[in-house]
Amino acid sequence: MTVIRRDPHAPHCPPIDRERELIHVDCASHTYPDGSVGIHDMCFFVLKNEIVALCGPNGSGKSTLIEHLNGLLTPSEGDIWVNGRSITSGEQTDLWKEVGVVFQRSDDQLFAPTVLDDVMFGPLNMGMPVEEAKAAAMEALEAVGAADLVHKLPNYLSGGQKRLVSIAGILAMKPKVMALDEPTSDLDPVHASRIEHLMTDLKERFSISVVIATHDLDFAARIADRVCLVKNGSVFAEGIPAEVFYDAELIADAGLKVPQIVRVYLEYCGLHGIEPHEHPIRVEELLAVLRNKPYRGNKRNLV
Amino acid sequence: MTVIRRDPHAPHCPPIDRERELIHVDCASHTYPDGSVGIHDMCFFVLKNEIVALCGPNGSGKSTLIEHLNGLLTPSEGDIWVNGRSITSGEQTDLWKEVGVVFQRSDDQLFAPTVLDDVMFGPLNMGMPVEEAKAAAMEALEAVGAADLVHKLPNYLSGGQKRLVSIAGILAMKPKVMALDEPTSDLDPVHASRIEHLMTDLKERFSISVVIATHDLDFAARIADRVCLVKNGSVFAEGIPAEVFYDAELIADAGLKVPQIVRVYLEYCGLHGIEPHEHPIRVEELLAVLRNKPYRGNKRNLV
Amino acid sequence: MAHIHLEDGSFSLVWVIVWWTAAIILIGISLYLLRSGKKTDSRKITIAAFCTAAAFAIFQVSIPVFGGVHLNLTPLIGILTGPAIGSLVVLIINILSAAIGHGGWSMIGANTLVNITEVLVASSLFSLLGKITQSPFARAATATFAGLVCGNIVMVGIILVSGVQGVTQSPTQILAGLSLIVAINLAVAALEAMVTGFVVTFLYRVRPDILGGKQENPGR
Amino acid sequence: MSATMISQHIPDLDLITSYAERQDSFFSRVSPWTKLGGLVLVILLITVTRNLEICSTLYVAILAMYYLAGLPVKKLFAWYSLPVIFVLSLVGLLAWSEPGTPIFSCAVTGVTIALTDNGVLLIFTLLLKALISVTYSLFFLMTTKYEHFAGMISRIFPSPLDQIFLMAYRFLFLTLAMTGAMLKAVRSRGGGLVHSTRVQGRIFAEVFALVFIRSFERAERVHKAMIARGYRGTFGAGTAIPRPGLSGYGVLGAFSLAIAVIVWMVPNTGGW
Ligand SMILES: Nc1ncnc2c1ncn2[C@@H]1O[C@H](COP(=O)(O)OP(=O)(O)OP(=O)(O)O)[C@@H](O)[C@H]1O
Ligand SMILES: Nc1ncnc2c1ncn2[C@@H]1O[C@H](COP(=O)(O)OP(=O)(O)OP(=O)(O)O)[C@@H](O)[C@H]1O
Ligand SMILES: [Mg+2]
Ligand SMILES: [Mg+2]
């Protein structure tokens, strides 16, 4: 598998795998009322059971794309298909049940008086009776490890706790796809790694596909199955992390910086005259490579 | 030099170097009106011409400490000395001229109609005539590389640009110490490295001491001369990055995670049976070590 | 919500001047009170600015009941900021509204008078009721409803006194016409009272200090 | 189209401001003071006249200016909807039973009321006046830079009114964005769609309460940041505002003269 660069002049991007495709964004554009371009000719898809990372610099359109995924914004051009149905036709009113969005700022998301009320909000709107909704909420809170916060006021939580609760609020609705906008930007390493585990858990335990917008490439490298590079409102290249992050030119093109691990490995290879074909992207993998044997701790194939 | 662990029962922390000391926080405590403890028995100092990083998990009291440095909050117990004068005595009303604070969210800091008005605000309050204030503002904007934004509305800037402008707003007042609260948390790598360069510039070109609160240890490792680990409202250990970040127990104690470079180096040493006494903490240093010769790219002594 | 939704050109010049003058006098009194009291509290100014912005933002939201209702929350501003600053805030809101065409420029005087009435009544009733009931919901909702009723009375009074240019009906006929508007306004006022009640209850739980109460370490 | 509940019929401040910043038509270069003077005179004129011809001419002239300045006319018509509703809802009630030739009549509980030609004329004139004012205001807003407005505010209003006004102007964008984001969050979890008035009211009350609380907390933080730069209750906008040129004074003078002549000559004016 190699990195796919998208032809910026292609008028369409046909679905590549109809069976597994949950979301298909077909050359969608969105211009904000004041004329600034949010996304432009954006092509993007999400398959069943995968973690996709959207990586790009500030203002590249990551958040705008995410708000399209559950119909909060609709494209002014192009089309978006969720579960095989077009969202622009207007017949899709329950999109929010299928695609859950965790916003960039958790403050925006928590509005109910208590944590429990907030997490129950989605399930209640789905028509669950109160008791059932409460059970769903508790389950979600436990899954994110925030069950002890249940009776707190959202206003008095720390940044990390707010983030966990807002994820629980979406999780409680059991969507098919969960999109998270910069979930770790203001978290300390311990909270961040908790969220990181949660992401892989979501995929493995609940079979939820996860979309993550981030500009932390080290983070993306650690958890993504596929990385999409976003620039000027469109995905211009994508591939598995081990390929994308080893394409220095591509990363520079995207206005990003090569992850530290990659830099270390490449220099190391240059130094010892080794051909750099192992492509480690996580610390564990790099260490395994340094030990001169492939790392087997995770299930990802290193090409 | 080694890592200094603070005795939690010591009633005082006497100044260590009166000559070079700009700020001295002497066992200060602050409790918020609702009873939550912001800082507790906090001892901390800032010397002339150094970059100090405050590292600690969410809610450890970093922001609270920073707001004490220029008198926005005053300690309920203990004392704080700036430039040899106590701030608790109340005689220090122009503290804001000496210690500039860049807040965690730049949106909170930009309130004026245009960028120029905003950057001029501090100089005008210092009593400069309008023309002079304008010149100071322009100079500061140039120093941060945002001179072209001068007539923009703060509202239409990107996250990174807002951050640069809010730094310029403080820089224009030419304080002796600048404290920045999580300056890179929501920035992409390119914007972040611009800020990183700016920090070292501040120290080298303007002889401003810099205090940075962050939980990004990789970032702290790259730029700090000294690292203070904060937990539960007090600095419990400090030292140069090469020492602090190689003390795995200490880092775990602080509720943080060892930076990636450190992990790689330690494993590498273990693997090759090398005694890990070089302590690289930046990618360049690690690479130099891998090349088997000490790195000379920066002026820091690696003990 | 008791706004005179009259656009420019409805009142004759004399009455435009009369209501503007009256409003300016009240604003002048507020300014005098603010400036003479101790030193101007710069924190209050910042908060007033944010209240203005919040109220204006909320006005832009259309609540999907009765086919879309907009709330002004003027009484809430009174409750939160008190009569003096509240008067300044409603003046600014009226200027901003005029700028986007919601109410005429010449009506700012009259509209401000109506809103100041709401602010005054709601804020004083809210603190008075504090002696009678502990329920923030009851206090806020009652104060709001009373404020809006008084605002409506002032509004009707102003229209009756000045008359609408070109309308030749007798005051009684005008009153009959206005009563329908008052009825609708009162229905919305009931909704606004409810919303304000909720808002204040919520504020009491989360930030009692904003309402001048003591923070009692809630749920930490 | 966006699915937020921020009303589409209310002029969008972001859009207005971005026009003001981007435009560089002739009208954007006219001194803001001249345009302000124009506003006062326009309002004065529509206050003293009831003459349909004068109002129509004025409206067409202002609409032409709006168009020539390159501003969005379609948007303008969408933004008319609320002012039109305001006029119709009030005057629509009062215009019945005006003396004149009845055009339409009906009996309500025994009393016959009629809409006469004069009644229709009245509605029409008042509507026209409203549109004149709205169009000119938006024209003014969309051709004048934010920094110039800020400068005018700090020169016109006494302290602390100017302080509140200036900061509110800046914060408006923040609170609007915040409100929008919160409503989006409500929407994204299926809120605000089908519910009883009570539930609906409660959800909105919660959002509104949060808007106020956040605004408060924001205000406290902003205030702290200002104190940290030496704020003591005064700040001004530093931008110089272009003064009216000779032609600016000329236009205003001519306009004033025209109003004087109209008041003196044309019937149906001077509604003292
Ligand atoms: N509400 C809005 N109104 C107008 N323009 C907007 C709005 N939101 C975003 N934009 C613009 O759309 C573009 C894409 O913004 P978006 O927020 O999607 O970027 P992003 O990739 O999420 O950036 P970040 O990493 O800073 O969050 C930017 O140029 C931005 O200025
Ligand atoms: N305004 C406030 N009122 C009450 N408690 C507060 C307030 N601000 C902070 N705290 C509390 O004080 C403690 C320290 O908070 P602080 O904001 O200083 O942490 P921090 O180290 O800056 O965290 P972060 O990395 O999340 O920014 C926390 O327990 C927090 O809940
Ligand atoms: Mg974003
Ligand atoms: Mg902080």
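Every chain is numbered from 1, with letters handed out A, B, ... down the list of sequences. A quick note: this is a predicted structure, and the numbers were derived from the prediction, not measured.
Here the closest heavy-atom approach between residue D/Ser159 and residue C/Leu31 is recorded as O-CD2, 3.9 Å. The shortest heavy-atom contact between C/Ala54 and D/Ser215 is CB-OG, 3.4 Å. What you find for C/Thr46 and D/Ala219 is that their closest heavy atoms are CG2-O, 3.5 Å. Of all non-hydrogen atoms in D/Lys129 and C/Asp8, the two that sit nearest each other are CB-O, 3.5 Å. The nearest pair of heavy atoms linking C/Leu88 to D/Leu161 is CB-CD1, 3.6 Å. Summarising the geometry of C/Ala48 relative to D/Ile164, their closest heavy-atom pair is CB-CD1, 3.9 Å, with the distance given to 0.1 Å.
At a 4.5 Å heavy-atom cutoff, D/Ile132 makes no contact with chain C through either its backbone or its side chain. Of the two parts of D/Leu121, neither the backbone nor the side chain holds a non-hydrogen atom closer than 4.5 Å to a non-hydrogen atom of chain C. Of the two parts of C/Ile95, only the side chain, counted from C-beta on, holds a non-hydrogen atom closer than 4.5 Å to a non-hydrogen atom of chain D. D/Phe173 does not touch chain C: none of its heavy atoms, backbone or side chain, sits under 4.5 Å away.
Top candidate by heavy-atom pairs under 4.5 Å with chain D, chosen from C/Ala99, C/Ala98, C/Ser106, is C/Ala99.
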Check: Would C/Trp105 and D/Ser133 satisfy side chain to side chain donor-acceptor pair (under 3.5 Å), going step by step from the backbone distance to the final call?
Finding: CA-CA 8 Å; C/Trp105 290 96; D/Ser133 152; 4.5 Å; no
Next item on the list: Assess whether side-chain contact (heavy atoms from CB on, under 4.5 Å) is satisfied between D/Phe208 and C/Thr196, documenting all intermediate values.
Entry: CA-CA 9 Å; D/Phe208 292 168; C/Thr196 308; over 6 Å; no
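By the 6.0 Å contact criterion, CZ on D/Phe124 is open, its count of non-hydrogen atoms from other residues, nucleotides or ligands being 12 or less.
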